[in-house]
Protein chains: 2
Amino acid sequence: MVLEIGHEADRCDCNVIHEDVVERVRLTMPREEDLYDLAEFFKVFGDSTRIKIISALFKNEMCVCDIAYLLNMTQSAISHQLRVLRQARLVKNRKEGKIVFYSLNDEHVKQIFDQGLNHINE
Amino acid sequence: MVLEIGHEADRCDCNVIHEDVVERVRLTMPREEDLYDLAEFFKVFGDSTRIKIISALFKNEMCVCDIAYLLNMTQSAISHQLRVLRQARLVKNRKEGKIVFYSLNDEHVKQIFDQGLNHINE
DNA sequence: ATAACATATGAACAGTTGAGCAAGTATCGA
DNA sequence: TCGATACTTGCTCAACTGTTCATATGTTAT
């Protein structure tokens, strides 16, 4: 098999390659960077503490302390996770004196959450 | 504040708790176990290698070697990740002699994938 | 049988991540 | 101004995860 210059087959250690299929697929795939961002996005959903927080905020905005109480975890742990959710733009907050209320910040979240539930319940 | 017997406020180290809100939220939340499974499910999407594999399989079924070639990774690495995807019931495979072809196994996957893309592109 | 090859798997290792602790910031009330 | 309180953040460590290497399994051709 003739490899083109610069062809990225350095690590692939097998021979049966359906070149036509691979190249066709390559054309349809999103940019590498977008796929990376997408994985980062789903990573945020991939932790049970964060999923619980998201699930809780569907019903009501809540302050950090309420969430810590609800989930029986330290305020620090919740605050750390809220930061992750904030950075992913999944939650927003408003301040009322000392108290910070968090709520969801995205319309897609509920749909993604529910479709995930569909999958695990089928 | 009076704590009920067996109340799970052991680790919460603050005082301002909106009990009514918290208890109302608690009633609407899915079972702990389902939330755990949901996090496990999203964890599978939270790795760029697996996202690339999923993204590739939208277009065509492919053998392990094709995927390794496409992503310029070792066959072993791909095989390991395909196992994760298989265990999450996201892909299925069919065997043709020595070659194993993988394809997607779920209708929700495309929707979840696309809604994730919506989020990062907004 | 034996060789060749596509894929799977186990162990090891590096890198990442979540939680707790302790210290810090910001706001309120006295 | 001072203490109390709601929250945030830096650090550390144990636990987890993805990749590689070496090896095993299963299929085909000779």
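Quick note on labels: first sequence line is chain A, next is B, and so on, each numbered from 1.
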Trainee: Would you give the length of the straight line joining atom CG of B:Asp37 to atom OG of A:Ser48, rounded to the nearest 0.5 angstrom?
Mentor: 10.5 Å
Trainee: Hey, do the aromatic rings of A:Phe113 and A:Phe58 have their centres closer than 6.0 Å?
Mentor: yes
Trainee: Which residues pass the salt bridge (charged side-chain N to carboxylate O under 4.0 Å, His left out) test with B:Glu40, sequence neighbours left out?
Mentor: B:Lys43
Trainee: Taking atom P of D:dT9 as reference, at what distance in whole Å does atom CZ of A:Arg86 sit?
Mentor: 6 Å
Trainee: Could you state the CG-P distance from B:Asn93 to D:dG26, rounded to the nearest angstrom?
Mentor: 15 Å
Trainee: What does nucleotides 17-30 of chain C look like as a protein-contact string, B for base, S for sugar-phosphate only, - for none, at under 4.0 angstrom between heavy atoms?
Mentor: SSSBB----SBS--
Trainee: Over how many whole Å does the gap from B:Ile67 atom CD1 to D:dT19 atom C1' extend?
Mentor: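 Rounding to the nearest Å, CD1 of B:Ile67 and C1' of D:dT19 are 17 Å apart.
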Trainee: How close or far is atom C1' of C:dT9 from atom CD of B:Gln87, stated in whole angstroms?
Mentor: 12 Å
Trainee: Any donor-acceptor pair under 3.5 Å joining the side chain of A:Gln75 to the base of D:dA6?
Mentor: no
Trainee: So, B:His108 versus B:Phe41, ring centres under 6.0 angstrom or not?
Mentor: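 No: the rings miss the under 6.0 Å criterion.
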Trainee: Using whole Å, what does the distance between atom C1' of nucleotide C:dA6 and atom NE2 of A:His18 come to?
Mentor: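 Rounded to the whole Å, the gap is 11 Å.
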Trainee: Atom CZ of A:Phe101 to atom P of D:dA6: distance rounded to whole Å?
Mentor: 11 Å
Trainee: Heavy atoms under 4.0 Å, any strand shown: does B:Tyr102 hit a base, just sugar-phosphate, or nothing?
Mentor: sugar-phosphate
Trainee: Can you list, pair by pair, the side-chain donor-acceptor contacts under 3.5 Å of residues 75-86 of chain B, counting residues two or more places apart and other chains?
Mentor:
residue, atom, partner, partner atom, Å
B:Gln81, OE1, B:Arg50, NH1, 2.9
B:Arg86, NE, B:Tyr102, OH, 3.4
B:Arg86, NH2, B:Tyr102, OH, 3.3

Trainee: Can you check the B:Glu61 CD to C:dT7 P distance for me, whole Å?
Mentor: 12 Å
Trainee: Examine distances only and state if a side-chain atom of A:His119 and a backbone atom of B:Ala88 form a donor-acceptor pair shorter than 3.5 Å.
Mentor: yes
Trainee: Whole Å only: how far is the CE atom of B:Met62 from the C1' atom of C:dT7?
Mentor: 16 Å
